[in-house]
There are 2 protein chains.
Amino acid sequence: MHMPTLRQLQFFDALARTGSFSRAAETCHVTQPTLSAAIKELEALLQVQLVEREARGASLTHAGEEVAARARTVLAETQDLVAAAHEAGKPLSSAFRLGAIPTVAPYVLPKILPKLREAYPDLKLYLREDMTERLLEGVRARELDAALIALPWDAPGIETEPLAEDEFLFIAPKSHPLAAKNGLDPEDLAEADVLLLEDGHCLRDHALSVCSLPTRAKSTEVSATSLQTLVHMVAGGLGVSLVPRLAADAGVTAGTDVSLRPFTHPLIGRTIGLAWRAGSPRKGEARLIGEVVRESLKGGLVPV
Amino acid sequence: MHMPTLRQLQFFDALARTGSFSRAAETCHVTQPTLSAAIKELEALLQVQLVEREARGASLTHAGEEVAARARTVLAETQDLVAAAHEAGKPLSSAFRLGAIPTVAPYVLPKILPKLREAYPDLKLYLREDMTERLLEGVRARELDAALIALPWDAPGIETEPLAEDEFLFIAPKSHPLAAKNGLDPEDLAEADVLLLEDGHCLRDHALSVCSLPTRAKSTEVSATSLQTLVHMVAGGLGVSLVPRLAADAGVTAGTDVSLRPFTHPLIGRTIGLAWRAGSPRKGEARLIGEVVRESLKGGLVPV
DNA sequence: ATGAGGTATAGATTATCTCTATGCATATGC
DNA sequence: GCATATGCATAGAGATAATCTATACCTCAT
């Protein structure tokens, strides 16, 4: 059976995206006649007209749309093949794009980067800090190879692996009544002024669920943009809050005069985990990175 | 990003299947050095060793297995792309492989073939008669583009469309008591000697469910290999049976001296439908064929 | 040892891909 | 209304890469 060339499909994909022979040729780094000829040949091979040549550029026919969509998946899967081969050959020896949520990134990345550098000297790690939803969008869109997030997080087409339990600690001004109370319980928070992170941070939702309150009930007026800010606000006497042990151990309260105390029991907190696209060719490499993270967090956090 | 060639993937797929450079070269209709060079280049591109060159042929490395699997899906989807383009351009203008179950094929195909020939003169229709399960296996394996079966039939990865309701008629020797009974009801069959088709025919299961009896309870000693045989057995006085209207209208009882009567109510029967692989590029063409079948059956059967 | 089966290498040939240069059609500006 | 700009097609030359034949090399079996 006669088959098109991947090159032809690449050209046609570019043509479909740009809607112009010349611009498509540019993005493919070939001249316009080259691309024109290739498309013509593709049409001859498929025995269908794929594009309408118009005065100003080109538009796809119905068949063209169909072929363009299929071409995209073929190209994507070929890239996956290359990535998978590379992973199988020598894992973590090229570019890897890792995302992390803001309440994890500053406290985990400094720990793992040296270890990764040592274990995988050829690894070029690109980092992106963003909130869970946007990270997972990136993962799905193949812009990220994996993401450090808080589990559980249900998302179709995403696979996850838990790495460590991250306990929530209570934080309050030294003068606050709860700072001295014996046997600290989550229910004690019901009465207090609980400060939260901005909307979109999953830690905000976790904190709210700990307080057993609806999402918008608490302190909507003030919310912090980062854990560091949150600590400063607590230190300034604006209220109390929760801080994950991960951040506390990393010294997020250093230099401030706040009381930091664990809850008695049960252990309340979140699960730090790694997420990747289901069927990703770099799943194995993601797990390797997860292993390094797990190892790095072993000191303070409870591994899973 | 650098990509392999589809040709290279084809070569590698052949190598993976045959386990030999020379035999792979043969199946690809190139010489062995050509294929060897292509594989070498592919390995260089992916920066992984894909095959272990052994004294007697070659075996895949772990990376090779991974790449081979992915190469197969890429190649399959590229073929789908070609088929889809072809369908979009001029539907039913090349080879189409249609399956049909034995209790449908002889009565439907003669009706639709002339119509198809007229409507789609370029169509080259390849036919295969087999039982449902094997047909659907073929559909899944891309050996068949569609299959005429009796619905409902649950199968993962298969999509179906109902075409017509095919009522069951009662058939008995003229002398049989039930041949003259007023108001024929399925329950009347409980007392009778019901003849069935061989195991594997879905019509056998349908008939049994009409009789409201467990699969093996009835006449296990004798079973017919075809509807024609079944009719002859009934004519010979071996028992009674059910015949779909489709076959009756086509004259399956012609030349035999049997009584053929409808049941009073409710209408009992089966649904004739078309099945194709989910995501098949030829889904549209399958539907076109389904339309012809529906049209052809309009006379006697109840269209859906 | 020697031959058979199977893969790698070398060099020549051929096919193809890509480029530059140019022509043609259609819309835009003066 | 004519000139001009934009965008695609075509032609021919040159560079590249694919494929072939011929042959060397290796391993196993007899």
Side-chain angles (χ1 to χ4, degrees), chain A residues 1-61 63-65 67-68 71 75 78 82, chain B residues 1-61 63-64 67-68 71 74-75 78 82:
Chain A
M1 182 185 189
H2 264 258
M3 279 210 188
T5 300
L6 275 186
R7 197 109 223 277
Q8 293 171 334
L9 297 186
Q10 274 181 311
F11 286 176
F12 182 62
D13 179 44
L15 177 57
R17 288 183 196 279
T18 61
S20 150
F21 281 72
S22 357
R23 266 184 295 284
E26 246 178 89
T27 64
C28 294
H29 306 106
V30 295
T31 58
Q32 168 262 316
T34 297
L35 192 133
S36 285
I39 299 296
K40 193 177 177 182
E41 202 180 337
L42 183 62
E43 288 182 318
L45 176 74
L46 300 179
Q47 301 176 45
V48 201
Q49 189 178 348
L50 297 173
V51 296
E52 300 275 2
R53 276 78 166 175
E54 289 158 4
R56 273 199 138 34
S59 68
L60 297 190
T61 63
E65 296 283 359
V67 170
L75 292 170
T78 304
V82 174
Chain B
M1 183 185 188
H2 263 257
M3 278 208 187
T5 301
L6 275 186
R7 198 108 223 274
Q8 292 170 335
L9 297 186
Q10 272 181 312
F11 286 178
F12 182 62
D13 179 43
L15 177 57
R17 288 182 195 278
T18 60
S20 148
F21 281 72
S22 358
R23 266 185 295 285
E26 247 178 87
T27 64
C28 293
H29 306 105
V30 295
T31 58
Q32 168 262 315
T34 297
L35 191 132
S36 285
I39 299 297
K40 194 177 176 183
E41 203 180 337
L42 183 61
E43 288 182 318
L45 176 73
L46 300 179
Q47 301 175 45
V48 202
Q49 189 179 346
L50 297 174
V51 295
E52 300 274 2
R53 275 78 166 174
E54 288 157 5
R56 287 211 134 19
S59 68
L60 296 190
T61 64
V67 170
V74 168
L75 291 170
T78 304
V82 174

Engineer: Given C:dT18, D:dC8, C:dT7, identify the nucleotide with an atom nearest to the side chain of B:Ser22.
Structural biologist: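 So the side chain of B:Ser22 is nearest to C:dT7.
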Engineer: Contact between A:Leu42 and A:Phe11 at the side-chain level, heavy atoms closer than 4.5 Å - yes or no?
Structural biologist: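 No; the side chains remain at least 4.5 Å from each other.
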Engineer: To the side chain of B:Pro33, which of D:dT19, D:dA22, D:dA11 is closest?
Structural biologist: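 Looking only at heavy atoms from C-beta outward on B:Pro33, the closest nucleotide is D:dA22.
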Engineer: Under a 4.5 Å cut-off applied to non-hydrogen side-chain atoms, are A:Leu50 and A:Leu60 in contact?
Structural biologist: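 No - every pair of side-chain heavy atoms lies 4.5 Å or more apart.
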Engineer: OP1, OP2 of C:dG6 versus side-chain N and O of B:Arg23: anything below 4.0 Å?
Structural biologist: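 Yes, within the criterion.
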Engineer: Any idea which heavy atoms bring A:Gln10 and A:Cys28 closest together, and the distance?
Structural biologist: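 In this case the closest contact between A:Gln10 and A:Cys28 is O-SG, 4.3 Å.
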Engineer: Tell me the interatomic distance from A:Glu41, atom CD, to C:dC17, atom C1', rounded to whole angstroms.
Structural biologist: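 My rounded result for the distance is 9 Å.
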Engineer: If you define the side chain from C-beta out and look only at heavy atoms, does anything of A:Leu6 sit under 4.5 Å from B:Thr5?
Structural biologist: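 They are not in side-chain contact.
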Engineer: Identify which nucleotide among D:dA18, D:dA9, C:dA10 has an atom closest to any side-chain atom of A:Phe21, counting heavy atoms from C-beta outward.
Structural biologist: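 That would be D:dA9.
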Engineer: Taking only the side-chain nitrogens and oxygens of A:Thr34, find out if one of them lies under 4.0 Å from OP1 or OP2 of C:dC17.
Structural biologist: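 Checking C:dC17 against A:Thr34, no side-chain N or O comes under 4.0 Å of OP1 or OP2.
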Engineer: Applying side chain to side chain contact (heavy atoms under 4.5 Å, CB included), run through B:Met3 and A:Leu9 and close with a yes or a no.
Structural biologist: CA-CA 12 Å; B:Met3 278 208 187; A:Leu9 297 186; over 6 Å; no
Engineer: So, is B:Arg7 near the phosphate of D:dA18, with a side-chain N or O under 4.0 Å from OP1 or OP2?
Structural biologist: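 False: B:Arg7 side-chain N/O out of range (4.0 Å or more) of D:dA18 OP1/OP2.
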Engineer: Could you state the atom-to-atom distance from CD of B:Glu52 to P of C:dA8 in whole Å?
Structural biologist: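 Answer to the nearest Å: 12 Å.
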Engineer: Whole angstroms only, please: what is the CZ-C1' distance between B:Arg53 and C:dA8?
Structural biologist: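 About 9 Å, once rounded to whole Å.
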Engineer: Find the distance A:Leu15:CG to D:dC8:P and express it as a whole number of Å.
Structural biologist: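 It is 8 Å, rounded to the nearest whole Å.
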Engineer: Measure CG/B:Leu35 against P/C:dG6 and give the value in whole Å, please.
Structural biologist: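 Computing the B:Leu35:CG to C:dG6:P distance gives 14 Å.
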Engineer: Please report the distance, rounded to the nearest Å, between CD in A:Glu43 and P in D:dA9.
Structural biologist: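 Rounded to whole Å, this separation is 8 Å.
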Engineer: Between B:Ser36 and C:dT9, is there a contact of a side-chain N or O with OP1 or OP2 at under 4.0 Å?
Structural biologist: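 It does not, given that no N or O in the side chain of B:Ser36 lies less than 4.0 Å from OP1 or OP2 of C:dT9.
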Engineer: Write down the distance between CD (A:Gln8) and C1' (C:dC17), rounded to a whole number of angstrom.
Structural biologist: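 The answer, rounded to whole Å, is 11 Å.
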Engineer: What is the distance, rounded to the nearest whole Å, between atom CD of B:Gln32 and atom C1' of D:dA22?
Structural biologist: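 Distance, rounded to whole Å: 12 Å.
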Engineer: Does A:Lys40 have a side-chain nitrogen or oxygen under 4.0 Å from the phosphate oxygens OP1 or OP2 of D:dC8?
Structural biologist: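 It does not, given that no N or O in the side chain of A:Lys40 lies less than 4.0 Å from OP1 or OP2 of D:dC8.
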Engineer: Taking 4.0 Å as the cut-off, does a side-chain nitrogen or oxygen of A:Thr31 come that near to OP1 or OP2 on C:dT18?
Structural biologist: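 Result: no.
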